[in-house]
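Reviewing the structure listed below.
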There are 2 protein chains.
Amino acid sequence: MRTKSKPSKPRKLPIAHRDGIAPVSQSAEYALRVMTCLARGDQIARTATDLAIEATVPVHYLSKVLRRLVAAGLLSSQKGHGGGFVLARAPSQIRFADVLGAMGEAPVGGRCAFGWGKCDAKAPCPLHPAWTVLSEALQAWAGKTTLADVAAAAPQKRRKRRG
Amino acid sequence: MRTKSKPSKPRKLPIAHRDGIAPVSQSAEYALRVMTCLARGDQIARTATDLAIEATVPVHYLSKVLRRLVAAGLLSSQKGHGGGFVLARAPSQIRFADVLGAMGEAPVGGRCAFGWGKCDAKAPCPLHPAWTVLSEALQAWAGKTTLADVAAAAPQKRRKRRG
DNA sequence: CGGTTTATGGACATCGTGGTCTATTGATGG
DNA sequence: CCATCAATAGACCACGATGTCCATAAACCG
């Protein structure tokens with residue numbers, strides 16, 4: 001075993017690391033955050049600034065995300081005084097998959113994880129079975145979870161009902 | 001110098017899209033590819049160039065990935081004529097989680113998807129339950145799948161299996 | 001021993017994502 | 001009508017992940 005390879009100089013390699021196995025991009029995560037915020041409130045218009053604060057997202061960047069969600073038909077927007085963003089459908093009718101899809105995060109599956117151009121059940125790459133398991137788990141999650149689920153969960157603040 | 005004005009490029013929205021819900025980084029995928037290649041062959045040393053061709057990975061970039069895998073103790077390396085890389089353990093003893101961990105892809109969970117600093121079962125963010133489901137699915141997948149699984153699956157060449 | 005083969009280590013160059021900023025358009029209210 | 005608010009649009013920049021290249025070290029072969 002000649003792999004002594006003494007690590008006397010523990011220089012870090014340029015291969016960075018993300019915050020773990022990031023299932024979605026940062027933009028997509030922002031989208032889910034803001035959609036969650038909207039689902040948890042009343043159906044009144046919320047401004048981008050307002051949402052950015054609550055969702056802890058850079059304001060100007062969020063506007064781009066919101067634009068995408070509007071273009072995808074998940075949000076309605078209203079300009080001018082009193083305007084803002086509202087969910088286009090009921091929270092129970094908006095799946096995570098819809099939000100991710102609006103952000104360009106297609107539900108996996110299109111690309112061969114092994115680098116092969118074509119990869120299907122007939123001519124599977126070595127990683128195909130394992131990747132299929134992962135892909136199906138992700139799709140099941142994104143397809144089943146809706147905004148209604150996250151709206152119901154974990155109230156952010158104690159909203160005391162007056163009277 | 002990036003002051004080369006690159007006009008005429010119809011940059012839609014700056015929110016790019018990856019090849020779907022990419023569960024791992026490109027580097028981590030490369031690592032899984034090359035580890036799969038090694039698991040599928042005999043335990044003879046394979047050169048980086050050889051592996052790069054089979055795994056369809058840029059040669060020089062792969063060398064960095066291989067370095068990481070060696071540093072993590074998943075691979076053994078041998079310099080000089082006849083040298084190359086070999087799995088440090090049996091394929092059944094190398095989980096995907098090990099490979100991902102070597103590439104810096106920690107098994108999720110550390111960061112709050114909603115942007116909160118702290119986020120646990122006691123004070124969960126709205127996304128916490130949904131994210132927990134996702135996180136556990138990913139961890140289960142990465143923890144259960146081993147190189148032996150992908151080595152057995154989908155023989156690239158016809159090879160008689162014993163037993 | 002020198003020469004070849006291989007891994008090792010790092011210096012760049014490049015590109016996409018994330019993030020900031022400014023201008024414009026549209027709606028509302030006085 | 002004008003002032004103001006807020007969405008829309010896109011230019012622009014920073015930075016990290018990706019990818020290329022080259023020098024060096026180590027192991028083997030003659």
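Quick note on labels: first sequence line is chain A, next is B, and so on, each numbered from 1.
- Using a 4.5 Å cut-off on side-chain heavy atoms (C-beta onward), A/Tyr30 and A/Ser25 make no contact.
- Between the CE atom of B/Met103 and the C1' atom of D/dT18 there is a distance of 11 Å, rounded to whole Å.
- Closest to the A/Ser77 side chain, of the nucleotides C/dG19, D/dT20, D/dT8, is D/dT8.
- Remark: B/Phe96 pairs with B/Trp141 by the ring pair (Phe, Tyr, Trp, His ring centres under 6.0 Å) rule, at least two apart or across chains.
- For C/dA7, the base has no donor-acceptor partner in the side chain of B/Arg67 [N/O atoms by modelled type, under 3.5 angstrom].
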Table please: side-chain donor-acceptor pairs of residues 118-125 of chain A below 3.5 Å, with sequence neighbours left out.
residue  : atom : partner  : partner atom : Å
A/Asp120 : OD1  : A/Lys122 : N            : 3.1
A/Asp120 : OD1  : A/Ala123 : N            : 2.8

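- Between B/Tyr61 atom OH and C/dA7 atom P there is a gap of 18 Å when expressed in whole angstrom units.
- Within 4.0 Å of A/Ala48, counting heavy atoms only, lie sugar-phosphate atoms of the nucleic acid but no base atom.
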I'd like a list of close polar pairs between nucleotides 26-30 of chain C and the protein, N/O only, cut-off under 3.5 Å.
residue : atom : partner : partner atom : Å
C/dG26  : O4'  : A/Lys79 : NZ           : 3.0
C/dG26  : N2   : A/Gly80 : N            : 3.2
C/dA27  : O3'  : A/Gln78 : NE2          : 3.2
C/dT28  : OP1  : A/Gln78 : NE2          : 3.4

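- Atoms CD (A/Gln26) and P (C/dG18) sit 6 Å apart, rounded to a whole Å.
- A close approach under 4.0 Å does not occur between any side-chain nitrogen or oxygen of A/Ser63 and OP1 or OP2 of D/dA7.
- Judged as a side-chain contact (heavy atoms from CB on, under 4.5 Å), and not counting sequence neighbours, the contacts of A/Ala39 are A/Leu87, A/Pro91, A/Leu147, A/Ala151.
- Taking atom CZ on B/Arg46 and atom P on C/dA7, their separation rounds to 11 Å, with Å as the unit.
- The base of D/dG10 has none of its N or O atoms less than 3.5 Å from a complementary donor or acceptor on the side chain of A/Lys64.
- Applying the side-chain hydrogen bond (donor to acceptor under 3.5 Å, both in side chains) criterion to A/Arg95, with sequence neighbours excluded, gives A/Asp98.
- In this structure, B/Asp50 places its CG atom 15 Å from P of C/dT5, rounding to the nearest Å.
- If you measure from atom CG of A/Leu51 to atom C1' of D/dA7, you get 12 Å, rounded to the nearest angstrom.
- Here C/dG18 presents its P atom at 12 Å from CZ of A/Arg33, a figure rounded to the nearest Å.
- Place B/Gly84 and A/Leu62 on DNA chain C by their nearest nucleotides, and B/Gly84 ends up nearer the 5' end.
- A/Thr56 pairs by the side-chain contact (heavy atoms from CB on, under 4.5 Å) definition with A/Arg33, not counting sequence neighbours.
- Side-chain nitrogen and oxygen atoms of A/Tyr30 include at least one within less than 4.0 Å of the OP1 or OP2 phosphate oxygen of C/dG19.
- Computed from coordinates, the A/His60 NE2 to D/dT8 P distance equals 15 Å when rounded to whole Å.
- Side-chain contact between A/Leu62 and A/Val59 is absent, with no heavy-atom pair separated by less than 4.5 Å.
- Considering only the side chain of B/Thr47, C/dA7 comes nearest among C/dA7, C/dT22, C/dG19.
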